[in-house]
Chemist: 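Let me give you the structure first, and then I'll get to my questions.
Within every chain, numbering begins at 1; the chains are lettered A, B, ... in the order of the sequence lines, protein sequences first and strands thereafter.
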Amino acid sequence: MLISEREQLRANIERRVIDFGNNRSALIPVIQEVQQKYGHVSEYVMQVLADVLHIHPVEVYGVASFYSFIGHKPKGRFIIRLCRTLPCEMKGKERVARQLENDLGIHFGETTDDGNFTLEWANCLGMCDQGPALLVNERIYTQVTPQSVHDILEECREVFGVHTTLQEKEMSCELPTSAK
Amino acid sequence: MRTSDVSKMTFSSVEPGAGLRQALKMASEEIIDLIAESGLKGRGGAGFPTDIKWKLAADSDDELKYVVCNADEGEPGTFKDRFILSHFADLIFDGMTIGARAIGATKGIIYLRGEYTYLRAFLTDLIAQRRAGNLLGKNILKTEGFNFDIEIRMGAGAYVCGEETALIESLEGQRGEPRNRPPFPVNTGFMGHPTIVNNVETFTWVPCIVTKGAPWFHDIGTEKSTGLKLFSVSGDCGKHGVFEFPMGITLKELLEEVDGSHAKAVQAGGASGRCIPAAEFDRNICFEDIPTGGSIIVIGPDRDMLNVAENFMEFFVDESCGQCTPCREGNAKLLEGIHLLQNGRCSMQYLRELHSLGESIQLTSKCGLGQSSPNAFLSIIDNFKDEIMGRIQP
């Protein structure tokens with residue numbers, strides 16, 4: 001990262017911490033914004049947050065490593081999280097998992113060499129009536145079949161290099177009308 | 001088949017804003033008395049009386065108080081809160097605002113689980129609309145001196161943050177590790193100020209009780225578990241989705257409604273709930289018999305009960321925050337025990353030791369997660385010994 005870029009990031013973080021009340025409770029919302037923008041929370045970011053909030057960087061690391069949706073190591077551009085809880089298991093998540101591994105050529109917990117996909121397990125995604133369910137970043141897919149895995153991955157690949165993000169596209173599941 | 005019928009639900013019959021308008025004509029004590037009369041208890045699963053929580057917070061002397069809506073719905077098999085957030089979010093905000101009026105709070109926070117980030121934009125818009133309509137903000141609905149606003153905070157994928165003190169830790173920017181109680185959040189909650197933390201569904205029932213009256217709610221259900229409840233039904237049954245039933249319904253009646261009568265067991269209350277065998281289907285779902293936050297996972301005759309136990313134990317091994325040794329180490333030990341059973345290598349003596357370990361975990365863990373983590377395991381080994389002992393490996 002260029003020095004000017006780092007300074008920019010530091011300034012952004014300082015500003016957002018103030019927006020969130022300039023106290024410790026700003027920590028997680030700011031970490032989440034960094035996570036969303038950069039895909040992970042780097043040591044540099046942790047140090048900046050520690051400076052701004054007047055806490056030890058290890059405190060920031062402790063928080064960043066506690067939550068499963070916050071990563072302190074770089075991950076893929078698309079993080080696929082397949083629900084492993086009982087109702088999704090009953091609806092055939094094992095086969096979906098196998099097909100995801102086959103199509104991506106990686107195991108769960110790994111990232112593809114091109115840095116595009118990370119495959120992870122998630123605990124209950126709250127879509128038990130429409131399983132198997134998976135999240136791609138923030139976007140939810142329900143009633144996934146081994147066959148539809150390919151379509152989901154293609155959908156992700158289509159948005160590479162395009163300015164639309166995955167979240168802006170229409171969702172396939174039940175959502176409040178105005179959220180669509 | 002998914003069969004949640006939104007239009008037939010009680011929530012559909014309550015106009016957004018109506019309950020709040022009515023409540024603003026009442027004094028703080030009158031609101032709490034009304035909730036007390038209705039008998040409303042926490043709908044997240046623990047079943048703590050809502051009026052007592054509110055009364056304690058109302059009696060705490062502090063300029064700054066908080067209303068927190070627990071939308072960190074992480075219990076496996078539960079999705080009713082997602083359903084309410086999607087369809088009846090206005091009623092949640094009404095309930096929170098009524099709660100703020102009752103305890104004298106000025107700030108509200110919705111703690112939305114990270115898995116539901118896709119609902120955030122929708123809820124943010126709705127909050128903005130409510131500000132524009134004077135349902136939030138300063139002097140709400142021209143009530144002099146009543147200021148209240150709501151912000152959304154996101155969870156980040158930790159099941160334990162559904163526990164109220166862990167949730168507050170998380171809001172404060174800490175690791176989501178539960179605190180010792182007492183002190184309770186109603187005295188020292190978010191940033192040390194009195195805080196009520198209620199489940200999404202609990203808040204949603206409040207405007208219904210205000211508009212329809214406490215006797216309406218109180219007359220439904222059993223003596224200690226009044227009113228209606230939403231159930232999240234999934235698994236091996238004909239109809240999946242969110243259903244509204246009165247408290248005290250028997251499992252048998254519920255299973256008939258969802259075409260699941262052939263089931264050999266039901267996991268009631270998610271991973272932290274109990275596994276009820278078919279022989280006990282005439283038991284009632286209520287706080288005095290089978291307590292549940294609404295998760296009903298129907299387990300069909302062909303399922304392997306050890307897989308069920310294994311799935312839930314893996315869940316707890318993964319989600320334990322690691323503070324208390326019995327929960328952190330004990331659950332891993334129970335999972336090893338399940339693997340022994342799967343391989344047909346567990347003696348009855350060792351199974352009894354595991355049972356005793358499970359009971360120790362229940363007794364010695366600090367928070368609800370640890371205290372309830374062995375429930376599924378214990379109820380499965382109690383009820384399905386015949387199925388799980390002496391396995392011959394395939």
Side-chain angles (χ1 to χ4, degrees), chain A residues 20-21 23-33 35-36 49 53 55 59-60 62-70 81 83-91 120-131 133 135 137-140 142-143 167-168 171 173-180, chain B residues 2 4 73-79 81-83 85-87 89 113-122 125-126 153-159 170-177 190-191 232-236 240-242 267 270-271 295 297 299-300 303 307-308 311-312 314-315 318-319 321:
Chain A
F20 282 110
N23 59 37
R24 173 85 189 238
S25 81
L27 179 58
I28 293 177
V30 176
I31 285 183
Q32 284 168 330
E33 289 187 0
Q35 170 78 34
Q36 205 190 8
L49 276 163
L53 292 167
I55 52 178
E59 293 262 332
V60 184
V63 170
S65 58
F66 183 86
Y67 296 94
S68 58
F69 280 20
I70 297 170
R81 294 186 171 96
C83 178
R84 66 171 157 201
T85 316
L86 190 64
C88 282
E89 175 159 313
M90 289 172 151
K91 297 290 175 217
E120 288 182 354
W121 289 114
N123 287 322
C124 195
L125 297 176
M127 282 291 172
C128 321
D129 54 338
Q130 304 166 61
L135 275 176
N137 296 350
E138 290 166 9
R139 189 170 183 200
I140 187 99
T142 57
Q143 292 173 310
Q167 279 73 41
E168 286 165 7
M171 305 240 192
C173 66
E174 177 190 307
L175 271 186
T177 355
S178 43
K180 276 185 181 168
Chain B
R2 297 189 47 252
S4 309
E73 177 180 51
E75 193 61 56
T78 313
F79 45 90
D81 292 345
R82 176 206 11 114
F83 183 84
L85 287 160
S86 304
H87 296 283
R113 69 189 301 227
E115 290 84 343
Y116 292 171
T117 303
Y118 52 83
L119 290 172
R120 184 186 192 168
F122 164 70
D125 284 352
L126 203 60
R153 285 287 173 104
M154 299 306 300
Y159 166 76
S170 175
L171 284 176
E172 291 179 355
Q174 309 278 354
R175 294 161 66 88
E177 291 173 347
F190 181 53
M191 304 303 236
S232 318
V233 181
S234 63
D236 297 320
H240 299 141
V242 178
Q267 179 73 21
S295 165
I297 304 173
I299 299 166
R303 300 287 174 190
N307 281 358
V308 174
N311 191 289
F312 289 141
E314 281 176 349
F315 173 80
D318 199 41
E319 292 291 357
C321 79

Chemist: Please flag which part of B:R153 lies under 4.5 Å from any non-hydrogen atom of chain A: side chain, backbone, both or neither.
Modeler: side chain
Chemist: Can you tell me how far CE of B:M154 sits from OH of A:Y67, rounded to the nearest 0.5 angstrom?
Modeler: 13.0 Å
Chemist: Using only atom types and a distance under 3.5 Å, with no angle test, would you say the side chain of B:Y159 pairs donor to acceptor with the backbone of A:C124?
Modeler: no
Chemist: Kindly write out the residues that satisfy side chain to side chain donor-acceptor pair (under 3.5 Å) with B:N311, not counting sequence neighbours, or none if the list is empty.
Modeler: A:E89
Chemist: Let me know if B:S232 has heavy atoms under 4.5 Å from chain A in its side chain, its backbone, both or neither.
Modeler: neither
Chemist: So which heavy atom on B:Y116 is nearest to which on A:L125, and how close?
Modeler: CE2-O, 3.5 Å
Chemist: Can a donor-acceptor pair be found, under 3.5 Å and without considering hydrogens, that links the side chain of B:R82 to the backbone of A:G126?
Modeler: yes
Chemist: Checking heavy atoms, do the side chain of B:S295, its backbone, both or neither come under 4.5 Å from chain A?
Modeler: neither
Chemist: Excluding sequence neighbours, so at least two apart, what forms side chain to side chain donor-acceptor pair (under 3.5 Å) with B:Q267?
Modeler: none
Chemist: Taking A:E59, A:R81, A:Q32 one by one, which has the highest count of heavy-atom pairs under 4.5 Å against chain B?
Modeler: A:Q32
Chemist: Relative to chain A, which segment of B:I297 carries a heavy atom at a distance below 4.5 Å: side chain, backbone, both, or neither?
Modeler: side chain
Chemist: Tell me, for A:L135 versus chain B, whether the close heavy atoms (under 4.5 Å) come from the side chain, the backbone, both or neither.
Modeler: side chain
Chemist: Is B:E73 in contact with chain A via its backbone, its side chain, both, or neither, using a 4.5 Å heavy-atom distance?
Modeler: neither
Chemist: Nearest 0.5 Å, what's the CG-CD distance between B:L119 and A:E138?
Modeler: 11.0 Å
Chemist: What's the spacing between B:Q174 CD and A:I28 CD1 if we round to 0.5 Å?
Modeler: 8.0 Å
Chemist: Quick one: of B:E319, B:E115, B:E75, who has the most non-hydrogen atom pairs under 4.5 Å with chain A?
Modeler: B:E115
Chemist: Counting only heavy atoms closer than 4.5 Å, note whether B:R120 contacts chain A via side chain, backbone, both or neither.
Modeler: neither
Chemist: Please step through side chain to side chain contact (heavy atoms under 4.5 Å, CB included) for the pair A:M90 and B:I299, ending with a clear verdict.
Modeler: CA-CA 9 Å; A:M90 289 172 151; B:I299 299 166; 3.8 Å; yes
Chemist: If you count heavy-atom pairs within less than 4.5 Å of chain A, which of B:G74, B:C321, B:G176, B:A89 leads?
Modeler: B:G176
Chemist: Report the distance from atom CG of B:D318 to atom CH2 of A:W121, rounding to the nearest 0.5 Å.
Modeler: 12.0 Å
Chemist: Using 0.5 Å steps for rounding, measure from the CE atom of A:M127 to the CZ atom of B:F79.
Modeler: 9.5 Å
Chemist: What part of A:R84 gets within 4.5 angstrom of chain B, counting heavy atoms only: side chain, backbone, both, or neither?
Modeler: both
Chemist: Pick whichever of B:A156, B:G114, B:G270 has the most heavy-atom pairs under 4.5 Å with chain A.
Modeler: B:A156
Chemist: Between CZ of A:R24 and CE of B:M191, what distance do you get to the nearest 0.5 Å?
Modeler: 10.0 Å
Chemist: Quick check for you: among A:P87, A:C128, A:S68, A:A64, which has the greatest number of heavy-atom pairs under 4.5 Å with chain B?
Modeler: A:C128
Chemist: Quick one: which of B:G300, B:S170, B:A158 has the most heavy-atom pairs under 4.5 Å with chain A, could you say?
Modeler: B:S170
Chemist: Heavy-atom pairs under 4.5 Å with chain B: which of A:G131, A:A26, A:P29, A:A122 has the most?
Modeler: A:P29
